[in-house]
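Only one structure is covered here, and it is reproduced in the block below.
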Amino acid sequence: MSRLLGDGGLARFKGFATQVCGPHAFDFIPVFLASMFIALGATTVAVSASEDPGIYTASAVLLSKAISVTFLVSVGNLILRVKSLSARTVLVITAYFVSSLVANAAMNLLLAAWNINLIDRQLWQILFASLFATFIYLGANWSTHAIYENLYQVRTARNILDDLSGQRSELIRSVNEGRIFVARELSLEVQSTLGSIETIESKITVSGINSGELDQLKSSLTEVTVRVSALSQRFPDSTQQTKRNLNPRQTLRYFLESVASENRYLPALMALLSLFGLGTWLGYLTDSTSILIWGSVLSLVGFVVFWLYLKILIPLIPRRMIMLRITVLEMLLLLYLFFWFLLIGFITGDNATAYGVALANAVIPFITFNAAVVLGGVLRTTQAQRSQLLAQAMALRASLKEIEELRKTEESLWKILFAGDIASSPTTASVMLRDVSLCGDQTRLAELLPNVVTIWSSVAEQLPSVGQTVSATSSKTSGRLGL
């Protein structure tokens, strides 16, 4: 396979095969909807072509499609068990093709059982209709795969964002608990030291030198109090969450912009649906090979019209004029399908009945084209939401790294203050000064006061660096997350 396709071709084939052979290739709902789309067009023309009561012909067509759906769902469970990707791809496409042959055979059997004249179609017309059914089934399969993949990616991104938000909240809670503990302990030690200073000043005659040291100690205690108070107020609250969804107005606007945006696949889609649809539906009314000529003409006209729409008309309309773009697209669709309507009516008899059938067969592609455009808008909107969620997840990861660094820095400082050198801890300084206040010994005051001042000055010097780190980290984190 790699020799035939080359590396690039092999990668594209694997991407196509993965989509075609995914777990949703034979889901009931997309298979049913695709079959009903095929059945709607076939029913209108088959009833018109039959000389018998229309209810019997319509019932035969619909029942045959129900049989083909049952066939696809049943066979699909076996096909998806095949391990080889290439073999599974071939089997999936073959099953889609064969299901149309099964439906045709079932319809003929039902009509024969009910003694109704069979709708005579040549072999090439039956095969052409099977190709059209395969195309529709593949489109439904791809759409289902794309929707499930986008929704899965959005759910995954949301789960990642929720997990990261939980980690962030846990980290912030850990940081805040450490600060609450430190603030409580330091506040107790500060109050104890201030009480000891008041007792000393009332009991002991303080010399000039000791008086200056006490003033310096009071200044350090005041600085510590201010820093401790600010420490718990400079970081986002753990209950704050990031925005997970687009604003509803933004979502609607983006959806409309996606619907009105250039779709490079539109001309090819129009051409294929025109060729296969016209050839298949007219095959119930006439066996003339001229329908291929008319189908090719309609296909070529559709491709040229919508190619010109993309290349010339749309660039002339500013992107901000969304509703005008949508209106132009809808008007172009209506004009094109009016041409489709006239062509089918003319070929099938140029009478009221023929134009009634033509109208029904023109409405079906109109609904299909609009559904395809809306589906494209939904896919682009979910992709935008996924991108937004992933961007927020990246911002959260950066935030988590910063908060983790902050937590390590603060834990290191708390260990230095309370679990490091006991002789340099605030608790030791508070105990020493309390002992002096109780004994009232001026000599001992002169010996211990310098050490107490040094300890509290060290605490006051260390806390500001943490405060600056907190402030800087908070501003960067808040800026990223919109907090």
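Not a single donor-acceptor pair under 3.5 Å links the side chain of S174 to the backbone N or O of E170. A side-chain donor-acceptor contact under 3.5 Å links N150 to the backbone of A146. Proximity of a side-chain donor or acceptor of S399 to a complementary backbone N or O of A395 within less than 3.5 Å is not detected. With hydrogens and angles disregarded, a donor-acceptor distance shorter than 3.5 Å links the side chain of S35 to the backbone of V31. Checked by atom type and distance alone, the side chain of S64 pairs as donor or acceptor with a backbone atom of V61 at under 3.5 Å.
Heavy-atom minimum distance, T382 versus V154: O-CG2, 3.5 Å. Taking both residues in full, the closest heavy atoms of V82 and A87 are given as CG1-CB, 4.1 Å, listed atom of the first, atom of the second, then distance. Here the shortest heavy-atom pairing between A393 and L164 reads O-CD1, 3.5 Å. Here the shortest heavy-atom pairing between K83 and R88 reads O-NH1, 3.4 Å. Scanning all heavy atoms of the two residues, the minimum distance from A140 to P30 falls at CB-O, 3.9 Å.
E405 CD to L171 CG: the interatomic distance, rounded to the nearest 0.5 Å, is 11.5 Å. One distance of note links CG of L109 with CG of N104; it measures 9.5 Å at 0.5 Å rounding. Between I172 atom CD1 and L400 atom CG the span is 8.5 Å, to the nearest 0.5 Å. Taking CD of E149 as the start and OG1 of T156 as the end, the distance is 10.5 Å to the nearest 0.5 Å. Interatomic distance, CG of L127 versus CG of L101, reported as 6.5 Å (0.5 Å rounding). Once rounded to the nearest 0.5 Å, the distance linking CD of Q385 with CG of L390 reads 10.5 Å.
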Check step by step if side chain to side chain contact (heavy atoms under 4.5 Å, CB included) holds for S165 and L396. CA-CA 7 Å; S165 297; L396 269 177; 3.5 Å; yes
Intermediate values then yes/no, side chain to side chain contact (heavy atoms under 4.5 Å, CB included), V182 and R179: CA-CA 5 Å; V182 170; R179 291 175 177 178; 5.7 Å; no
Between R397 and I160, is a side chain to side chain contact (heavy atoms under 4.5 Å, CB included) present by the stated rule, with each step listed? CA-CA 10 Å; R397 286 192 180 96; I160 292 173; 3.7 Å; yes
Applying side chain to side chain contact (heavy atoms under 4.5 Å, CB included), run through R184 and S187 and close with a yes or a no. CA-CA 5 Å; R184 182 178 64 248; S187 296; 5.9 Å; no
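Ring geometry for Y309 against F306 counts as perpendicular: the plane angle is over 60°, on a 0 to 90° scale with 30° as the lower cut.
Residue pairs satisfying the ring pair (Phe, Tyr, Trp, His ring centres under 6.0 Å) criterion with at least one member in residues 139-176, sequence neighbours excluded, are listed as follows: H24-Y148.
The neighbour count for F97 CZ, taken as heavy atoms of other residues, nucleotides or ligands under 6.0 Å away, is above 12. Under a cut-off of 6.0 angstrom, the local environment of CG in L316 is crowded, with over 12 non-hydrogen atoms contributed by other residues, nucleotides or ligands.
Side-chain contact check for T409 versus L413: every heavy-atom pair is 4.5 Å or farther apart. R173 has its side chain out of reach of N176: every pair of non-hydrogen atoms, C-beta onward, lies at least 4.5 Å apart. Side-chain contact between I93 and T89: present, with at least one pair of heavy atoms (C-beta onward) separated by less than 4.5 Å.
Scored by the ring-ring contact (aromatic ring centres under 6.0 Å, His included) test, Y96 finds F26, Y137 as partners (sequence neighbours excluded). Contacts of R407 classified as salt bridge (charged side-chain N to carboxylate O under 4.0 Å, His left out), with partners at least two apart in sequence or in another chain: E404, E411. Take V98 and apply the side-chain contact (heavy atoms from CB on, under 4.5 Å) test, not counting sequence neighbours, and it matches F71, T94, V102. Partners of L78 according to the side-chain contact (heavy atoms from CB on, under 4.5 Å) rule, which considers only residues two or more places apart in sequence or in another chain, are R81. For the side-chain contact (heavy atoms from CB on, under 4.5 Å) test, residues two or more places apart in sequence or in another chain that qualify with A60 are M107, L110, L111, W114.
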